2 protein chains.
Amino acid sequence: MTIPLASELVIQFNKLQTRFVKRIDAQLSVHGISYTEYMVMYYLNGAENDSLRRVELAEFVGLSASGITRMLMPMQKMGLVQKDSSHRDARVSLVKLTLAGKSIFNDAQKSFNHTTAALTRSMTDKQQQKFLALTQQLFS
Amino acid sequence: MTIPLASELVIQFNKLQTRFVKRIDAQLSVHGISYTEYMVMYYLNGAENDSLRRVELAEFVGLSASGITRMLMPMQKMGLVQKDSSHRDARVSLVKLTLAGKSIFNDAQKSFNHTTAALTRSMTDKQQQKFLALTQQLFS
DNA sequence: GATATATACTTGCTCAATCAATTATATACA
DNA sequence: TGTATATAATTGATTGAGCAAGTATATATC
């Protein structure tokens with residue numbers, strides 16, 4: 001049986017992504033954080049008011065609510081993030097980067113960008129743009 | 001700080017893949033198997049002599065050796081795969097699909113192909129080919 | 001205002017996967 | 001031949017994540 005194009009695409013795609021994350025994880029471990037933790041910090045860093053609610057964070061990072069709770073526990077213990085409560089809604093717990101967190105994120109970001117550049121160095125800029133555009137297209 | 005193209009690419013790429021796997025997992029659960037179990041069966045199905053060594057399987061699927069051992073245990077219990085020993089090398093344990101395993105794989109494959117087609121339906125065939133080619137290029 | 005429903009988060013339990021250590025066997029070489 | 005090293009697989013301990021259930025608070029409706 002010949003394998004359909006779409007399946008071949010998904011399988012190769014998945015394989016590549018697994019490889020990417022492993023490489024990035026290895027690099028980030030120098031800073032003591034994982035890929036997912038990096039993504040958490042990345043979104044917190046870019047958020048307005050420098051803070052996000054847990055559900056928002058979960059949505060961005062692609063984790064469940066409980067996944068976020070568990071992920072943040074050690075990060076808080078390490079002093080990377082801190083909790084704040086919302087005075088608008090007593091249910092929500094806002095998360096933000098601490099100063100130490102920001103500093104570590106800045107360092108990690110350099111590693112991250114460096115690694116992604118290495119991972120995609122077999123592509124020209126134009127190809128990367130094309131590839132990104134096609135990736136975006138698949139979201140719809 | 002503007003985010004570099006390569007990093008944007010990797011992040012979007014990762015996000016998309018997570019989404020893909022979730023959708024496929026949901027579909028495959030009808031057949032009682034996960035994405036990774038599907039991949040195991042997929043490689044076993046395509047292997048010559050219908051069997052693979054655990055290390056080979058691990059390499060293909062992108063798991064560690066122990067990951068494969070643990071993954072195969074329940075699959076064996078469910079009767080999807082069986083063990084064989086190699087007469088060339090007493091250390092190796094060959095894995096192959098059982099008849100039941102083949103049958104379930106065939107059903108699952110239909111679901112899988114159907115789902116991947118749905119996931120990529122926003123792309124023309126030509127775009128899919130382009131995308132696959134770019135993906136392959138990143139492996140080097 | 002009281003009751004029902006929805007939302008934000010946390011906790012207990014479970015599963016999948018990893019690493020490090022272990023066992024068994026194979027290969028290399030002094 | 002015997003000893004060191006390498007390889008295949010498994011096992012114990014740990015981690016990351018999910019789901020289902022629970023708690024606290026908010027909103028909607030009667």
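Only heavy atoms go into these numbers, but all of them, side chains included; no hydrogens, no water, no symmetry mates. Chain letters run A, B, ... following the sequence lines, proteins first and then strands; every chain starts at 1. On a predicted model such as this, the values are computed, not experimentally measured, just so you know.
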Distance-only donor-acceptor test, B:S66 side-chain atoms vs C:dC19 base atoms, 3.5 Å: yes
Under 4.0 angstrom between A:K83 side-chain N/O and C:dT10 OP1 or OP2: yes
By nearest heavy atom, map B:V92 and A:G62 onto DNA chain D; which one lands nearer the 5' end? B:V92
Whole-Å distance separating the CZ atom of B:R91 from the P atom of D:dT10: 13 Å
Does the side chain of A:F20 come within less than 4.5 Å of B:L9's, by heavy atoms? no
Starting from the 5' end of DNA chain D, give me the residue, A:P74 or A:R88, whose nearest nucleotide shows up first. A:P74
Can a side chain N or O of A:R53 be found less than 4.0 Å away from OP1 or OP2 on C:dC9? no
If only side-chain N and O atoms of B:R54 are considered, is one of them under 4.0 Å from the OP1 or OP2 phosphate oxygen of D:dT10? yes
Counting just side-chain N and O atoms, does B:T36 come under 4.0 Å of either OP1 or OP2 of C:dA17? yes
Looking at B:D50 and B:K102, is there a salt bridge between them, counting it only when a charged N and a carboxylate O are closer than 4.0 Å? yes
Can you name the nearest heavy-atom pair linking A:L44 to A:V95, along with the distance? CD2-O, 3.4 Å
Nucleotide D:dT14, atom C1' - distance to CZ of B:R70 in whole Å: 11 Å
For A:F131 and B:L134, the nearest pair of non-hydrogen atoms, with its separation, is CD1-CB, 3.3 Å
